[in-house]
Amino acid sequence: GAGVSQTPSNKVTEKGKYVELRCDPISGHTALYWYRQSLGQGPEFLIYFQGTGAADDSGLPNDRFFAVRPEGSVSTLKIQRTERGDSAVYLCASSLSLRANEQFFGPGTRLTVL
Amino acid sequence: GENVEQHPSTLSVQEGDSAVIKCTYSDSASNYFPWYKQELGKRPQLIIDIRSNVGEKKDQRIAVTLNKTAKHFSLHITETQPEDSAVYFCAAAYNNDMRFGAGTRLTVKP
């Protein structure tokens, strides 16, 4: 079956611009996660959704970062006024709710801010 | 919040030897501990996981042990092969709230 997909696979933008990164979870998965991975580091938690609501957004680094999941399926991570330090691979994952903890990762979006 | 420490950051072994990677976690409420393998430029893939009601789990050449009292868990790979070379991440989770370690780069030399 179809796995988690993310678009675009690569995004190059200029400092100060706005970007949107999209995640399509596995059908039927109610939990959706966003992580940021810098070179040589583990996935850094940003936010996770249970259904439409953000269950935990404590990992968002500042108010330039925002994520939505309006219909409980597709999610968009939005970054305003991008900075060079935002350059990283942004990973999305999904899982069934509650005890089905296994997270299935998407291929990631590589964001480069020039 | 949960904090996961992982050691070593790099590990080099000879083909056929065993490799052990260790992690500690801070939140005693964590009840799910997966291990992911990530090859260069690819997405993390789950290789084995363990829940807090189990002390050890094996799957062929891979095993994971969990010590809840000490809040640490380990990944053991036996009879390593060159294709085991990758970055391995541990994680600790309570329900769906998961935090990852910084990763171990394993190199298996033929």
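Quick note on labels: first sequence line is chain A, next is B, and so on, each numbered from 1.
No more than 12 heavy-atom neighbours from other residues, nucleotides or ligands sit within 6.0 angstrom of CD on A/E14. Atom NZ of B/K68 has 12 or fewer neighbouring heavy atoms from other residues, nucleotides or ligands inside a 6.0 Å radius. Counting heavy atoms of neighbouring residues, nucleotides and ligands inside a 6.0 Å radius, atom CD of B/E56 exceeds 12 of them. For A/L114, the CG atom is densely surrounded, since the number of other residues' heavy atoms within 6.0 Å is greater than 12.
Interface remark: B/P44 contributes backbone and side-chain atoms alike to the contact with chain A (heavy atom separation under 4.5 Å). Of the atoms belonging to A/Q37, it is side-chain heavy atoms, and not backbone ones, that fall under 4.5 Å from chain B. Using a 4.5 Å cut-off between heavy atoms, B/Q38 contacts chain A through its side chain alone, with no backbone atom that close.
The minimum heavy-atom distance between B/R43 and A/V4, with the atom names listed, is NH1-O, 3.5 Å.
Side chains of A/Y48 and B/M98 form no contact here, defined as non-hydrogen atoms less than 4.5 Å apart. In this structure the side chain of B/F100 never reaches within 4.5 angstrom of the side chain of A/Q41, judged on heavy atoms.
With rounding to the nearest 0.5 Å, the separation of CG in B/L46 from OG in A/S95 is 11.5 Å.
One hydrophobic cluster, built from ILVMFWY side chains closer than 4.5 Å, cannot hold both A/F45 and B/Y25; they sit in different ones. With hydrophobic clusters built from ILVMFWY side chains whose heavy atoms lie under 4.5 angstrom apart, B/Y32 does not share a cluster with B/I47.
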